[in-house]
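Note sheet for the following structure.
Each chain gets a letter, A, B and so on, in the order the sequences are listed, and its residues count up from 1. All values below come from the heavy atoms of this structure, side chains included, with hydrogens, waters and symmetry mates left out.
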Protein chains: 2
Amino acid sequence: MSLLSGLWSPEIIWSLSKGARRFSEIRRNIPGISAKVLTGRLRDLERRGVLSRSVIPTSPPTVEYELTSLGEELLPAIQSIVEVGTRLILRDRQLHDSDVPLKPD
Amino acid sequence: MSLLSGLWSPEIIWSLSKGARRFSEIRRNIPGISAKVLTGRLRDLERRGVLSRSVIPTSPPTVEYELTSLGEELLPAIQSIVEVGTRLILRDRQLHDSDVPLKPD
DNA sequence: CCGTATCCAAAGAGATACTG
DNA sequence: CAGTATCTCTTTGGATACGG
């Protein structure tokens with residue numbers, strides 16, 4: 001299960017679902033993540049074989065991250081967890097709303 | 001994603017996949033988990049709506065934990081993550097074995 | 001642009017002892 | 001049986017500053 005460990009790993013994997021992305025693109029894509037944490041998570045996911053890192057020797061250097069085929073296999077799992085979570089949130093909101101109904105405007 | 005947060009939560013959910021279990025049954029089922037951690041995770045998962053806790057007033061008391069319907073929806077996701085992880089481990093072992101081949105007995 | 005270094009705080013988890 | 005109470009250690013993450 002450590003494949004998805006870390007607060008941001010699922011979002012990082014998700015942000016690579018549509019193809020290779022650069023460091024700064026991923027960072028912009030995930031509001032709130034710091035460079036340090038993003039670097040740490042990317043290194044961890046690389047070591048585990050979930051994504052690959054390739055440096056293109058331009059100036060300044062370009063670094064691209066891409067899911068491996070095994071990384072891509074995690075996408076459906078992430079999606080279904082997010083779906084369950086969304087339903088839980090909606091259900092909670094409904095329970096709360098029925099306690100305190102909105103007055104019609 | 002916090003639905004699966006905590007080192008042991010996926011295993012706890014998994015151990016309830018075949019129906020309701022008592023505290024001590026879950027604990028026996030998951031070697032290495034302490035009572036404190038199990039209690040903490042169960043409370044967390046209950047609060048999030050993944051499982052339910054019911055006390056049967058016998059003496060000594062019986063406490064049963066059971067997945068909610070939303071909890072059950074997490075099972076396929078857990079299974080597919082475990083499958084990817086297993087393939088990663090097997091692939092790594094293969095790579096390592098090809099470096100240091102076993103000598104035929 | 002793509003990071004590393006440092007320091008700090010908070011959360012999880014392990015071990016152990018104790019309880020209604 | 002099914003927990004709670006401590007205490008300690010480690011891991012993560014946030015903030016900030018700096019570097020090739």
>> My understanding is that only one of B:Arg22, B:Glu25, B:Arg53 makes a side chain to side chain donor-acceptor pair (under 3.5 Å) with B:Tyr65; could you say which?
In response: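 Exactly one pass, corresponding to B:Arg53.
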Below 4.0 angstrom from OP1 or OP2 of [N], is there any side-chain N or O of [X]?
{"X": "A:Arg43", "N": "C:dT4", "answer": "yes"}
{"X": "B:Arg28", "N": "D:dA2", "answer": "no"}
{"X": "B:Thr39", "N": "D:dG3", "answer": "no"}
{"X": "B:Ser24", "N": "D:dC1", "answer": "yes"}

> Within the distance-only criterion (no hydrogens, no angle test), does the side chain of A:Arg41 pair as donor or acceptor with the backbone N or O of A:Lys36 below 3.5 angstrom?
Replying inline: no
>> When you measure from the side chain of A:Thr68 to the backbone of A:Val50, do you find a donor-acceptor pair of N or O atoms at a distance under 3.5 Å?
In response: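 Yes, A:Thr68 side chain to A:Val50 backbone: donor-acceptor pair under 3.5 Å.
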>> If I take atom CD1 in residue B:Ile26 and atom P in nucleotide D:dG3, what distance separates them, rounded to the nearest angstrom?
In response: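 Going from B:Ile26 (CD1) to D:dG3 (P), I get 9 Å.
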> Mapping A:Lys36 and B:Pro61 to their closest nucleotides on DNA chain D, which lands nearer the 5' end?
Replying inline: B:Pro61
>> Under 4.0 Å, counting only non-hydrogen atoms across every strand here, what does A:Arg27 touch: a base, just sugar-phosphate, or nothing?
In response: nothing
> Just checking A:Gly6: base, sugar-phosphate only, or nothing, at a heavy-atom cut-off of under 4.0 Å?
Replying inline: sugar-phosphate
>> Given C:dA15, C:dC2, D:dA2, identify the nucleotide with an atom nearest to the side chain of A:Arg22.
In response: C:dC2
> Taking the side chain of B:Arg41 as its heavy atoms from C-beta onward, which of C:dA13, D:dG13, C:dG3 lies nearest to it?
Replying inline: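 Selected nucleotide (nearest to the side chain): C:dA13.
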